[in-house]
Amino acid sequence: MAAIAQERYEDSYLYRLRHSAAHLMAQALTELYPGIKLAIGPPIENGFYYDVDSPVVIREEDLAKIEARMKELSKLDQRIVRMEAPDREAAKKLILEETTLGQGPEVAEYKLLLLEAVPDGETISFYDQQRTDREGKFHRFLDLCRGPHVDSTKEIKHFKLMNLAGAYWRGDAKNKQLTRIYGTAFETKEELETHLHNLEEARKRDHRILGRELGLFMFSPRVGPGLPLWLPKGAVLRDTMVTFLKEEQLKRGYEPVVTPSIASIKLYEKSGHIIAYRDKMFPFMEDEERETYILKPMNCPFHIEIYASQMRSYRDLPVRYAEFGTVHRYEQSGEVTGILRARGFTQDDAHLFVTKDQLIDEFIGVVDLMKTVLDKLGLKDFRARVGTKDPLSDKYVGHDENWVAATEAIEKACQTMGVDYFVSPGDAAFYGPKLDLIIKDALGRDWQMGTVQVDYNLPERFELEYIGEDSKPHRPIMIHRAPFGSLERMIGLLTEQYAGAFPLWLAPVQIAILPIADRHAEYAAELKVRFRDEFKLRVHLDDRRETLGKKIRDTQMQKVPYMVIIGDRDIEQGTVGVRSREEGDLGAMSLDAFIERVKSEL
RNA sequence: GCCGAUGUAGCUCAGUGGUAGAGCAGCUGUUUCGUAAACAGCAGGUCGCGGGUUCGAUUCCCUUCAUCGGCUCCA
């Protein structure tokens with residue numbers, strides 16, 4: 001690949017511009033909301049934000065007012081000047097005396113905390129927005145900041161405040177929730193408009209909208225939030241994906257298993273989920289007279305029971321149990337997002353029980369399967385994340401030495417497979433480190449998709465064993481893996497990636513037959529049977545009494561890959577009029593030629 | 001769960017302190033058509049649910065539920 005030296009976003013003018021726009025917004029906020037406490041205001045991927053602690057509630061309708069004041073402040077052509085504090089004490093003095101603009105030391109609350117967090121030896125810098133008014137009076141807006149910034153507020157011309165959100169101080173839910181104001185800024189008006197236009201376009205690709213329009217899935221308030229109902233077309237899509245993966249897994253030595261949706265609480269006491277996962281579980285099925293049952297949030301304990309049901313020899317390993325297992329997790333109400341984040345979903349789950357010596361190879365095998373899956377689905381834009389333990393959290397189970405060994409195994413497998421990855425502390429499962437595939441949705445949000453997790457802990461808890469060559473019992477290692485992650489999330493994401501125009505092999509309806517007039521319906525119906533039974537294609541016959549133009553329009557909006565139009569000429573000559581979703585009218589061709597074309601694309 | 005916003009017909013959206021409209025979809029009839037919306041008529045809504053203010057609430061207020069954006073958390 002050509003090595004074009006590309007400027008990092010962090011080093012770009014745009015990045016500085018957005019950072020300065022955040023400061024400009026802070027200045028406007030300070031004027032409009034006396035007593036407001038500024039926290040942090042960095043540039044981000046598509047703009048910037050500033051977190052503030054406001055004495056009055058800031059509402060969406062206030063954004064226009066803030067924006068208007070920013071425009072005025074921009075035009076004042078304030079010089080943006082970097083200042084460095086010689087030491088911590090001087091910095092503190094500046095914060096208290098200059099950044100507060102006479103509003104009292106309490107407005108500097110967060111800035112003082114930020115100052116404490118600056119490591120020793122690092123330069124403490126401030127950025128000042130300065131101007132002298134007509135009377136010769138000097139004005140400033142000073143903010144503790146690493147920078148860098150643009151030279152004048154005049155440069156900040158093309159910006160827009162986007163939305164409001166609550167955001168916890170330092171990203172910790174235990175801390176106070178601040179008000180975050182998001183904005184975006186660009187160098188030119190055209191770029192800003194293009195960005196806003198792209199956002200509009202992205203909304204049209206939203207899987208929740210397309211899911212309804214294309215008849216894939218729905219939600220019902222009588223069923224409950226986050227519990228999708230799969231409609232016929234969505235169910236076909238699921239089946240298609242399941243069939244594909246089952247075939248791949250069969251080639252790779254997986255064995256199918258099937259397990260129930262609920263289990264006795266004893267199973268989860270044994271697995272440790274009851275402690276680590278309780279707040280994510282649906283309410284327990286409790287009854288004084290009977291045993292308590294739990295709706296399963298995970299499949300692993302069931303597969304473990306199957307493994308543990310008999311003596312295992314080292315000759316049996318690796319054992320690979322696969323199940324499309326439907327699980328239910330009580331996600332917090334604010335985090336349910338269509339089928340990307342549902343409360344009931346089906347994992348393409350499997351658990352591999354391996355010896356220590358097999359771990360790397362098996363892990364490599366899983367990574368290879370994932371590559372195959374991503375390739376088949378046409379997903380190219382993903383990142384691989386190695387999730388490791390957060391050293392500050394106590395939510396994890398298991399011995400440290402196992403965590404270290406498992407993490408090393410994952411990294412080694414990635415290196416062997418040539419997978420580019422990044423390490424992310426705190427993103428491990430509670431029972432072990434993992435490799436996750438991260439993909440962005442239409443709105444640019446990251447989603448964790450496929451996952452591979454090494455687990456030394458559950459075999460320990462369940463006292464799993466196999467008899468080794470030495471005739472002695474040994475503990476197997478488990479690998480949890482789900483190449484899709486879940487059918488729901490993967491289908492939601494694919495819907496957005498393809499804007500609903502699924503590739504031929506996945507499309508719920510592959511071919512629509514459109515008879516032109518009633519007299520062509522009988523022939524069209526025969527053709528439908530042939531497409532379905534002889535050529536094994538998913539076909540829909542549109543025999544409504546509508547004009548051809550109407551049928552074409554409706555079919556196109558349903559994103560069906562091929563339309564086959566049947567009129568007098570076709571019946572006489574044994575042809576079909578073909579229209580492709582992407583290429584439009586392809587004219588008449590023989591049925592054989594059309595089938596050949598379709599087959600070649602599958 | 002938390003912060004902000006939204007909730008009117010199946011969908012997209014108007015609208016008002018005096019109990020509601022449009023387009024598309026649906027139904028009926030006419031049209032039988034060659035590559036992105038034929039024509040006409042009809043029907044369809046406890047204005048998310050509950051409470052309050054008021055002579056009167058879909059409209060104002062409160063509560064609650066759901067949804068959307070974000071935070072936190074996750075496949």
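These numbers come from the heavy atoms of this one structure, side chains and all, not from hydrogens, waters or symmetry mates. Throughout, protein chains are lettered first and strands after them, A, B, ... in sequence-line order, and every chain is numbered starting at 1.
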Q.
Looking at A/Lys434 and A/Asp455, is any side-chain nitrogen of the basic one under 4.0 Å from a carboxylate oxygen of the acidic one?
A. no

Using a cut-off of under 3.5 Å, enumerate the N/O to N/O pairs linking the protein to nucleotides 3-7 of chain B.
residue	atom	partner	partner atom	Å
B/rC3	O4'	A/Gln177	OE1	2.8
B/rC3	O2	A/Gly166	N	3.0
B/rG4	O2'	A/Glu60	OE2	3.1
B/rA5	OP1	A/Arg59	NH1	3.1

Q. Can you check whether A/Arg581 has a side-chain N or O nearer than 4.0 Å to OP1 or OP2 of B/rA36?
A. no

Q: Hey, could you give me each pair passing ring-ring contact (aromatic ring centres under 6.0 Å, His included) that has a residue in residues 547-577 of chain A? Not counting sequence neighbours.
A: A/Tyr562-A/Phe594

Q) Of the nucleotides B/rU35, B/rA75, B/rG1, which one has an atom closest to the side chain of A/Tyr168? A) B/rG1

Q: Report which part of the nucleic acid A/Gly171 touches: base, sugar-phosphate, or nothing (heavy-atom distance under 4.0 Å, all strands).
A: sugar-phosphate

List every contact pair, protein side and nucleotides 43-48 of chain B side both N or O, where the distance is under 3.5 Å.
none

**Q.** Of A/Asp436 and A/Asp585, the one whose closest RNA chain B nucleotide lies more 5'
**A.** A/Asp585

Q: Go through the N and O atoms of the side chain of A/Arg489 and the base of B/rC74, and report whether any donor-acceptor pair is under 3.5 Å.
A: yes

Q: Walk me through it: do A/Asp368 and A/Arg252 pass the test salt bridge (Lys or Arg N to Asp or Glu O under 4.0 Å)?
A: CA-CA 10 Å; A/Asp368 182 62; A/Arg252 293 160 192 264; 3.0 Å; yes

Q. Reckon A/Arg329 touches a base, only the sugar-phosphate, or nothing at all at heavy-atom distances under 4.0 Å?
A. base

Q. Picking from A/Ile339, A/Leu377, A/Leu340, what satisfies side chain to side chain contact (heavy atoms under 4.5 Å, CB included) with A/Leu493?
A. A/Leu340

(Q) With a 3.5 Å cut-off and heavy atoms only, can you find an N or O donor on one side and an acceptor on the other between the side chain of A/Tyr330 and the base of B/rG1? (A) no

Q) Looking for any heavy atom pair under 4.0 Å, which part of the strands does A/Ala588 touch: base, sugar-phosphate only, or nothing? A) nothing

**Q.** Nearest to side-chain heavy atoms of A/Thr337, which nucleotide of B/rC73, B/rC71, B/rG69
**A.** B/rG69

Q. Touch check for A/Tyr49, heavy atoms < 4.0 angstrom, all strands: base, sugar-phosphate only, or nothing?
A. nothing

Q: Examine B/rC74: is either OP1 or OP2 under 4.0 Å from a nitrogen or oxygen in the side chain of A/Arg343? Give yes or no.
A: no

(Q) Taking 4.0 Å as the cut-off, does a side-chain nitrogen or oxygen of A/Gln556 come that near to OP1 or OP2 on B/rA36? (A) no

Q) Taking only residues two or more places apart in sequence, or in another chain, which ones meet A/Tyr110 in a ring pair (Phe, Tyr, Trp, His ring centres under 6.0 Å)? A) A/Trp169

Q) Any Lys/Arg nitrogen of A/Arg385 or A/Asp427 sitting under 4.0 Å from an Asp/Glu carboxylate oxygen of the other? A) yes

**Q.** N/O (side chain, A/Lys434) to phosphate O (OP1/OP2, B/rA75) under 4.0 Å
**A.** yes

When you compare the protein's N or O atoms with those of nucleotides 39-42 of chain B, which come within less than 3.5 Å of each other, and at what distance?
none

For residues 507-514 of chain A, please give each side-chain donor-acceptor pair under 3.5 Å, one per line with the distance, not counting sequence neighbours.
residue	atom	partner	partner atom	Å
A/Gln510	OE1	A/Arg538	N	2.7
A/Gln510	NE2	A/Leu504	O	3.0

Q: Report which part of the nucleic acid A/Arg579 touches: base, sugar-phosphate, or nothing (heavy-atom distance under 4.0 Å, all strands).
A: base

Tabulate atom names and distances for all N/O pairs under 3.5 angstrom spanning the protein and nucleotides 25-28 of chain B.
residue	atom	partner	partner atom	Å
B/rA25	OP1	A/Lys550	NZ	2.5

Q) Base, sugar-phosphate alone, or nothing: which one does A/Lys176 contact when heavy atoms must sit under 4.0 Å apart? A) nothing

Q: Report the secondary structure of RNA chain B in dot-bracket form, marking unpaired bases with a dot and bases paired to a different strand with |, and treating Watson-Crick or G-U pairs with both distances under 3.5 Å as paired.
A: (((((((..((((....[..)))).(((((.......))))).....(.(((..]....))).))))))))....

Q: Please work out if A/Arg222 contacts a base, only the sugar-phosphate, or nothing of the nucleic acid, heavy-atom cut-off 4.0 Å.
A: nothing

Q. Counting heavy atoms not belonging to A/Lys559, are there more than 12 under 6.0 Å from its NZ?
A. yes

(Q) Once you apply a heavy-atom cut-off of 4.0 Å, does A/Asp427 come out as touching a base, just sugar-phosphate, or nothing? (A) nothing

(Q) Quick check on B/rA38: is either OP1 or OP2 less than 4.0 Å from any side-chain nitrogen or oxygen of A/Thr547? (A) yes

Q | Stretch residues 509-516 of chain A: residues that reach within less than 4.0 Å of RNA chain B through a heavy atom | A | A/Ile516

Q.
Stacking between A/Phe345 and B/rA75, defined as ring centres under 5.5 angstrom apart with planes under 30°, is that present or not?
A. yes

**Q.** RNA chain B: 5'-proximal contact among A/Asp446 and A/Asp518 (nearest heavy atom)
**A.** A/Asp518

In a table with atom names and distances, give each donor-acceptor pair under 3.5 Å that connects a side chain of residues 60-67 of chain A to protein atoms at least two apart or in another chain.
residue	atom	partner	partner atom	Å
A/Asp62	OD2	A/Arg59	N	2.7
A/Glu67	OE1	A/Leu161	N	2.9

(Q) Under 4.0 Å, counting only non-hydrogen atoms across every strand here, what does A/Asn163 touch: a base, just sugar-phosphate, or nothing? (A) sugar-phosphate

Q) Where along residues 206-219 of chain A does a heavy atom fall under 4.0 Å from RNA chain B? A) A/Arg208, A/Arg212

(Q) Regarding A/Gln448, tell me which of base, sugar-phosphate or nothing describes its non-hydrogen contacts under 4.0 Å with the strands shown. (A) sugar-phosphate

Could you go over nucleotides 59-65 of chain B and give all protein N or O partners under 3.5 Å, atom names and distances?
none

Q | Test item: side-chain donor near acceptor, A/Tyr168 and A/Arg170, under 3.5 Å | A | no

Q. Touch check for A/Glu331, heavy atoms < 4.0 angstrom, all strands: base, sugar-phosphate only, or nothing?
A. base

